[in-house]
Novice: 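Here's a structure for you.
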There are 2 protein chains.
Amino acid sequence: MTVSKTADKTAEKSSEKPADTAKGRKDAAEAQGAAEALQLGELSEQLGYVLKRAQLKVFENFLRCMASLQLTPAQFSVLLLVEKNPGRNQTEIASTLGILRPNFVALLDNLESRDLCARIRSTNDRRSHILVLTDKGKAVLTRAKKLVATKHEARLNDLLGQANREALIEMLSKIANEF
Amino acid sequence: MTVSKTADKTAEKSSEKPADTAKGRKDAAEAQGAAEALQLGELSEQLGYVLKRAQLKVFENFLRCMASLQLTPAQFSVLLLVEKNPGRNQTEIASTLGILRPNFVALLDNLESRDLCARIRSTNDRRSHILVLTDKGKAVLTRAKKLVATKHEARLNDLLGQANREALIEMLSKIANEF
DNA sequence: GATAATTGTTATGGACCATATCAAATATAG
DNA sequence: CTATATTTGATATGGTCCATAACAATTATC
């Protein structure tokens, strides 16, 4: 990395339409005045720093893989959770994803407007909305899973190896749950 | 996790001042209607999902450890990088941290107003501001490093073990750099 | 049957991120 | 050497995500 210092100068301000926002962030460190490569020093040993950067890269790659389905990580996680737990209401789905109820509304509005998910008034408790995947939602989720498996996870396996990938996820889960 | 179902009901709307925002996010999944614990299913195997949650936990813990010094992860990374690379300008520091120049201004304003960092007009190129740590900045950074080592990283070592912690950071670095 | 709690929702503000644009200073072309 | 282009720090602005307060409808509780 930190390839050329004066290579793609012209392609900065003129053409090159904004594309997705991830592109902009990716090029940030490279396109700006990346002169002689600074010393990261202890920064490269900081868990938080490397975690954040890895997370950004993974999300970026996820979005690229899902470009054809137009699913964000958050949307994908909602579909996965609703599929696994049909008949739950918004509060339950949102809270287990760490999403606050108010912020979950717009997210659901989006999925529902695309006919991927449906809100059904519960007969037991007419306050709550039961969530289910539509047929289209199920189909899209199936395709999404395949894309994730073949394009996203496969790439991680290439990079780390199967065993390391599993160890990584286990460690991250441990941090997420017990830290 | 997912401890009690009706334990701390009263402590939700009444007292319990907002405190830091991390507290609010942490309790989100627990305080809301966490009824019978949903099945995460494939979600717990999704790299992006577990990465994001781990990152939130780590940042949250970092902020707690740094409460006495009032340093965010971003501010800490700036101090570390400026210490390691004195005499660089804003563009260089910002870009290697993946921060866009416009957003770096307020960050620096903050550090400078607290007398941790100083902008010095370069004599070579009078457009650029050379960044250096003040004496106070160096002292604070030294204390910050100790806090991180004893409170933050030590906790990670307790959780994963020294060897695993190093393996984790190496894998995350690989993802951040090569994914 | 009156009060409290819950559900989904709206409104709102803050933090972070990204782009366009600017003046000053410098680099480069002709 | 002068005219143009580029770079640097900065401002303004809009978007997204996150967090809190408040509300109507509904349900639970006393």
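When reading the values below, keep in mind they use all heavy atoms of this one structure, side chains included, and skip hydrogens, waters and symmetry mates.
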Novice: When the distance from CG of A:N110 to P of D:dT16 is rounded to whole Å, what number comes out?
Specialist: 11 Å
Novice: Taking OP1 and OP2 of C:dA25, is either one under 4.0 Å from a side-chain nitrogen or oxygen of B:S128?
Specialist: no
Novice: Separation of A:L100 atom CG from C:dG14 atom P, in whole Å?
Specialist: 17 Å
Novice: Please determine whether residues B:L116 and B:I130 belong to a single hydrophobic cluster, defined as Ile, Leu, Val, Met, Phe, Trp and Tyr linked transitively by side-chain heavy-atom distances below 4.5 Å.
Specialist: no
Novice: Please list, pair by pair, any protein nitrogen or oxygen found under 3.5 Å from a nitrogen or oxygen in nucleotides 9-13 of chain C.
Specialist:
from, atom 1, to, atom 2, distance (Å)
C:dT9, OP1, A:R119, NH1, 3.1
C:dT9, OP2, A:Q90, OE1, 3.1
C:dT9, OP2, A:Q90, NE2, 2.9
C:dT9, OP2, A:R119, NH1, 2.6

Novice: For a quick check, tell me whether the side chain of A:R126 and the base of D:dT26 share a donor-acceptor pair closer than 3.5 Å.
Specialist: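 No pair found.
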Novice: Could you check whether any side-chain heavy atom of B:N89 comes within less than 4.5 Å of a side-chain heavy atom of B:L131, counting everything from C-beta outward?
Specialist: no
Novice: Rounding to a whole Å, what distance do you find between B:R121:CZ and D:dT8:P?
Specialist: 13 Å
Novice: Is it true that B:E166 and B:Q162 share a donor-acceptor pair across their side chains at a distance under 3.5 Å?
Specialist: yes
Novice: Roughly, in whole Å, what's the span from CD1 in B:I99 to P in C:dC17?
Specialist: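 So the two atoms are 7 Å apart, to the nearest Å.
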Novice: Would you say A:K52 reaches C:dC17's phosphate, i.e. side-chain N/O to OP1/OP2 under 4.0 Å?
Specialist: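 For A:K52, the contact criterion (side-chain N or O under 4.0 Å from OP1 or OP2 of C:dC17) is met.
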Novice: CD of B:E178 to CG of A:L159: how many Å apart, nearest 0.5 Å?
Specialist: 5.5 Å
Novice: Nearest of C:dT7, C:dA24, D:dC18 to any side-chain atom of A:R127?
Specialist: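 Nearest listed nucleotide: C:dT7.
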Novice: Any pair with a residue in residues 126-141 of chain B that passes side-chain hydrogen bond (donor to acceptor under 3.5 Å, both in side chains), sequence neighbours left out, goes on the list, sorted by first then second residue, please.
Specialist: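 Non-adjacent pairs meeting side-chain hydrogen bond (donor to acceptor under 3.5 Å, both in side chains): B:Q90-B:H129, B:R121-B:H129, B:D125-B:R127.
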Novice: Please report, rounded to the nearest Å, how far the C1' atom of D:dT16 is from the CG atom of A:L56.
Specialist: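 In whole Å, D:dT16 C1' and A:L56 CG are 14 Å from each other.
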Novice: Round to the nearest Å and state the distance from A:Q55 atom CD to C:dC17 atom P.
Specialist: 11 Å
Novice: In whole angstrom, what separates B:Q75's CD from C:dC16's C1'?
Specialist: 13 Å
Novice: Can you tell me which nucleotide in D:dT8, D:dT26, D:dA19 comes closest to the side chain of A:D125?
Specialist: D:dT26
Novice: From CG of A:N124 over to C1' of C:dT7, roughly how many Å is that when rounded to an integer?
Specialist: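 Those two atoms, CG and C1', are 14 Å apart.
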Novice: May I ask you to decide whether B:K174 forms a salt bridge with B:E170, counting only side-chain N to carboxylate O separations under 4.0 Å?
Specialist: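 Looking at B:E170 together with B:K174, the answer is no, because their closest N to O distance does not fall below 4.0 Å.
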Novice: Which is more 5' along DNA chain D, the nucleotide nearest B:N89 or the one nearest A:S122? Just name the residue.
Specialist: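 Looking at the nearest nucleotide for each, B:N89 comes out on the 5' side.
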Novice: Does the side chain of A:K145 reach to within under 4.5 Å of the side chain of B:E42, using non-hydrogen atoms?
Specialist: yes
